[in-house]
Amino acid sequence: MADVQSTATTLPPSNSVEDQKPAAVTSENGSMQDDTKEEEYKMPDNASETLYLQNLNETVRVDYLKETLLNLFKSYQVIPPVIAHGNLRMRGQAFVSFPDKETADKARREVAGFPLYGKPMQLSFAKTKSDVIVRKEEGEEGFESHKKRRLEHKNESRKNNPLRQKAQAKLKAAAAADPTGAHAVAPRRTQIQMPDEYLLPNALLFLQNLPDGTTKDDLHEVFNQYPNLLEVRLIPAKKDIAFVEYADEESATVAKEALHNFKIDGETKMKVSYAKK
DNA sequence: AGCACA
């Protein structure tokens, strides 16, 4: 395998806030060029042209991560782009495609466990076909229909996500109770919002008026946009309130100011204040 | 843990 040094010249410009560089990936690791003759080896039947990577270091910026992976898989003829996301559900994972299943499988076996940014990579075959592959195999028109199907599927799963279903049931109930439509929006419970001036700054935030069905993950995703989030705690007995803890008061203040009155579901204003000491 | 396609 060719030496894959860091492609410093092709890297995106460094960002002053997070001064990270893609790892200089070298191939000193002997396990990566294991060209053994293997007449008894059978490629798994779930093999795919695309590998699904997990256990990637989540503190590495997504664009650097992509660049690094491109670099790391260069000798296996990786097909750009490498797909990685920074959102809560998808962080620490990536999709990397190759020209054929055999090459993907080779990469999978040889690169498995490679300690990228200190964490051993976990490689498996992707469950679904990547757009790049569909495009390559079926041409532009086949790709369009593939994309349409994918979009439909996505809308479906969005439609029957419990949070949305609950919100819609609520709307329906309100409309039924009031046929004039004057109060088509569900009546809001009266909330007591402690005036901030009576509360000392606190690394712990108190949330009120959360929409029905809000999950811990929903809140984590929203609050994790602001640095130093430590923990989100729901209150099982009171579904519309929660606590969110940051590492320090300053971080909590940033999040509080950004997210007070934020509408998680697009209509219910969440109240964010410091928790009482 | 978490299977997308900005």
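Below, chains carry the letters A, B, ... as their sequence lines are ordered, and counting in each starts from 1.
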Could you identify which residues of [range] place a heavy atom less than 4.0 Å from some atom of DNA chain B, listed by residue number, or say none?
range	answer
residues 46-54 of chain A	Tyr52(A), Gln54(A)
residues 130-140 of chain A	Ser130(A), Asp131(A)
residues 84-98 of chain A	His85(A), Leu88(A), Arg89(A), Met90(A), Arg91(A), Gln93(A), Phe95(A)

Residues in salt bridge (Lys or Arg N to Asp or Glu O under 4.0 Å) with [X], at least two apart?
X	answer
Glu140(A)	Arg135(A)
Lys101(A)	none
Arg89(A)	none
Asp105(A)	Arg108(A), Arg109(A)

Sugar-phosphate only, base, or nothing, as touched by Phe143(A) at under 4.0 Å among non-hydrogen atoms:
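If one applies the 4.0 Å heavy-atom cut-off, Phe143(A) turns out to touch nothing in the nucleic acid.
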Base, sugar-phosphate or nothing for Glu58(A)? Non-hydrogen atoms, less than 4.0 Å.
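Here Glu58(A) touches the bases of the nucleic acid.
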| query | Which residues pass the side-chain hydrogen bond (donor to acceptor under 3.5 Å, both in side chains) test with Asn202(A), sequence neighbours left out? | reply |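 With sequence neighbours excluded, Asn202(A) shows a side-chain hydrogen bond (donor to acceptor under 3.5 Å, both in side chains) to no residue whatsoever.
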Worksheet entry | Partner set under side-chain hydrogen bond (donor to acceptor under 3.5 Å, both in side chains) for Thr103(A), not counting sequence neighbours |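 Partners of Thr103(A) by the side-chain hydrogen bond (donor to acceptor under 3.5 Å, both in side chains) criterion, ordered by chain and then number, come out as Asp100(A).
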Go through the structure and list residues passing ring pair (Phe, Tyr, Trp, His ring centres under 6.0 Å) with Phe98(A), not counting sequence neighbours.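 Expected list: Phe73(A).
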*Report the residues that fulfil ring pair (Phe, Tyr, Trp, His ring centres under 6.0 Å) with Phe143(A), sequence neighbours left out, ordered by chain and then residue number.*
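With sequence neighbours excluded, Phe143(A) shows a ring pair (Phe, Tyr, Trp, His ring centres under 6.0 Å) to no residue whatsoever.
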Hydrophobic clustering (ILVMFWY, side-chain heavy atoms < 4.5 Å, transitive) - are Ile133(A) and Met43(A) grouped together?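 Per the 4.5 Å side-chain linkage, Met43(A) and Ile133(A) are not co-clustered.
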Practice problem: Using distance alone, with no hydrogens and no angle criterion, decide if Tyr274(A) and Thr253(A) have a side-chain donor and acceptor under 3.5 Å apart. | Solution: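 Yes, Thr253(A) and Tyr274(A) have a side-chain donor paired with an acceptor closer than 3.5 Å.
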- If we ignore angles and hydrogens, is there a donor and acceptor under 3.5 Å between the side chains of Lys271(A) and Asn209(A)?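 On atom types as modelled, these side chains do not qualify, holding no pair under 3.5 Å.
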Using the rule side chain to side chain contact (heavy atoms under 4.5 Å, CB included), only one of Leu230(A), Asn228(A), Leu229(A) pairs with Ser251(A); which is it?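 Testing each of Leu230(A), Asn228(A), Leu229(A) against Ser251(A), the sole residue satisfying side chain to side chain contact (heavy atoms under 4.5 Å, CB included) is Asn228(A).
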TODO: Check whether the ring centres of Phe243(A) and Phe206(A) lie less than 6.0 Å apart, and answer yes or no.
DONE: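 They qualify: ring centres under 6.0 Å apart.
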### Message
Could you tell me the boundaries of the chain A footprint on DNA chain B, defined by atoms under 4.0 Å from its heavy atoms?
### Response
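The footprint of chain A covers dA1(B) to dA6(B).
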